[in-house]
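Report on the structure given below.
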Amino acid sequence: MVTLSGAHTLGVSHCSSFSDRLYDFNNSTGAVDPSMDPKYVRYLRTKCPDSDSSTQDATVALDPVTPNRLDNKYYVNLKYQRGLLTSDQALTERADTARMVEQHVNQGSVWAHKFSAAMVRMGSIGVFTGYQGEIRNLALACCLLMEVAASAALAQAHGLRVDYYKHTCPSAEAVVRQTVAKAVARDSGAPAGLLRMHFHDCFVKGCDASVLLDSTPDNTAEKDSPINNPSLTGFDVIDEAKAILESQCPQVVSCADIVAFAARDSVHIAGGFYYPVPAGRRDGLVSMESEVVENLPMAFFDVKQLEENFARKGLSLEDMVTLSGAHTIGDSHCSSFSDRLYDFNSMNASDPSMDPKYVSYLKTKCPTPDSAQDPTVPLDVTTPKRLDNKYYVNLKYHRGLLSSDQALMDRADTARMVHANINRGSMWAHKFSEAMVRMGSIEVLTGLQGQIRKSCRDDLLSLCTI
């Protein structure tokens, strides 16, 4: 372990991985890790602003002495209390590992030989040989497809399949992809709206495009619920894609599938990762405002309520934590959380679980609850247009905007998942892809169920009565 740790003489680390050592050690505001060389702290602070005041997450060299050379200077840095990560400097805290560090400082060539031998041993861990495993082509794509396979199998069990329109409307997914790309060119916030639309559709009556139906004189539809109106956006994007597809393949591609494709394409544009969408959903006939509040998780939910809400839809606790990461893009109206700023409870004006500096920032954007104004702020102030794992970093530093966001840190099991998503952003992206496929299979209509609408805003039965 001590020998292989020397690999940290190369490469860089994001400031978020160690900034608590510079500004918030032991959860004490302004405190510095006393095991760090004060001059090194001052240098790092010039590279890494206070995480409370910066929206950037810069990188610095793990070894400032010879950052592009694999040598024993890593151990020299530890000797002088200049280990960048806590796990680096920890090697000098115990007598046995400290002796090894000192040996590597004094005998660089010996360390190089040990490093070579340790690399060979590490390269033999749990290997597959002979007829075990496989020889992959396109390793990254293969990895993602294998992880999504179980979710795709579940979707197929519901009557959905990938490439559903391959023969009946081959251009279907391309048309949606191009329409979403045009929408994003016009409005960089479009991905958040389309992703949220898919979620709001699936959690109310299943993924049946009921969220798209217009209200009638006799019925107020889901889209006009105060939870959706005016904050839910993207209807024009779905309408545009549907109009093109109706001109090419009349009454073939469902509105529910268009919503699912648009959400996937939004993830691809905002997050840079892609997943295949099983299709074959049909459109529902009913949309009722009253069912929105009965089915959607609320911004004030605690972990238990969130867990129960997702479980009712066939989704796990980990699915809930994973899909919550969608709150790394998009905005929220101040009215959804202003009680956390001004009127939390009889003991505290502000929610004590919130970072005080974050509260101060939000108060500059959001007026008191009695104001007639209801502006919006980004759910993630760090990378508001990028679908990444910074949402979880925000939770770590008590900057979850909604109560239901920050609640993920209140329970040990969900807090562990949050930390795992902080440390392994690429793994979170894979899990998010899987969870999106599972969510897209909730209570779907297939076969002869439901209908294929001509217009996503009107069901065929209502059109027949006009």
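Residues: numbered from 1 along the sequence shown.
Salt bridge absent: Glu246 and Lys454 never bring a charged side-chain N and a carboxylate O closer than 4.0 Å. Between Arg411 and Asp413, at least one side-chain nitrogen of the basic residue sits less than 4.0 Å from a carboxylate oxygen of the acidic one, meeting the salt-bridge criterion. Salt-bridge check for Lys431 with Glu318: passed, with a basic side-chain N closer than 4.0 Å to an acidic carboxylate O.
Nearest approach of Leu62 to Ser13, heavy atoms of both residues: CD2-CB, 3.9 Å.
Between Asp405 and Tyr391, the side chains place a donor N or O and an acceptor N or O closer than 3.5 Å (distance only, hydrogens not considered). Side chain to side chain, Asn394 and Thr382 meet the donor-acceptor criterion of an N or O pair below 3.5 Å.
The list of salt bridge (Lys or Arg N to Asp or Glu O under 4.0 Å) pairs with a residue in residues 274-288, not counting sequence neighbours, reads Asp257-Arg281. Each salt bridge (Lys or Arg N to Asp or Glu O under 4.0 Å) pair with one or both residues in residues 262-276, not counting sequence neighbours, appears once here: Glu173-Arg264. The list of salt bridge (Lys or Arg N to Asp or Glu O under 4.0 Å) pairs with a residue in residues 320-341, not counting sequence neighbours, reads Arg340-Asp351.
Every residue meeting the side-chain contact (heavy atoms from CB on, under 4.5 Å) condition with Leu213, not counting sequence neighbours, appears here in chain and number order: Ser287, Arg453, Asp459. The side-chain contact (heavy atoms from CB on, under 4.5 Å) test applied to Thr220 returns Ser215, Asp224, Glu289, not counting sequence neighbours.
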Query raised in the report: Is there a side-chain hydrogen bond (donor to acceptor under 3.5 Å, both in side chains) between Asp380 and Thr383 once you walk through the steps?
Result: CA-CA 6 Å; Asp380 169 9; Thr383 54; 3.1 Å; yes
Query - Asn295 vs Lys205, side-chain hydrogen bond (donor to acceptor under 3.5 Å, both in side chains): CA-CA, chis, key distance, verdict - result: CA-CA 8 Å; Asn295 287 278; Lys205 297 189 74 64; over 6 Å; no
Report task. Go through the steps to decide whether Ser353 and Gln406 satisfy the test side-chain hydrogen bond (donor to acceptor under 3.5 Å, both in side chains), and finish with yes or no. Result -> CA-CA 8 Å; Ser353 73; Gln406 196 59 50; 5.9 Å; no
Ignoring hydrogens and angles, write down the donor-acceptor pairs under 3.5 Å from the side chains of residues 174-182, residues two or more places apart or on other chains.
| residue | atom | partner | partner atom | Å |
| --- | --- | --- | --- | --- |
| Thr179 | OG1 | Val175 | O | 2.7 |
| Lys182 | NZ | Glu240 | OE2 | 2.8 |

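The NZ atom of Lys242 lies 7.0 Å from the OG atom of Ser254; values are rounded to the nearest 0.5 Å.
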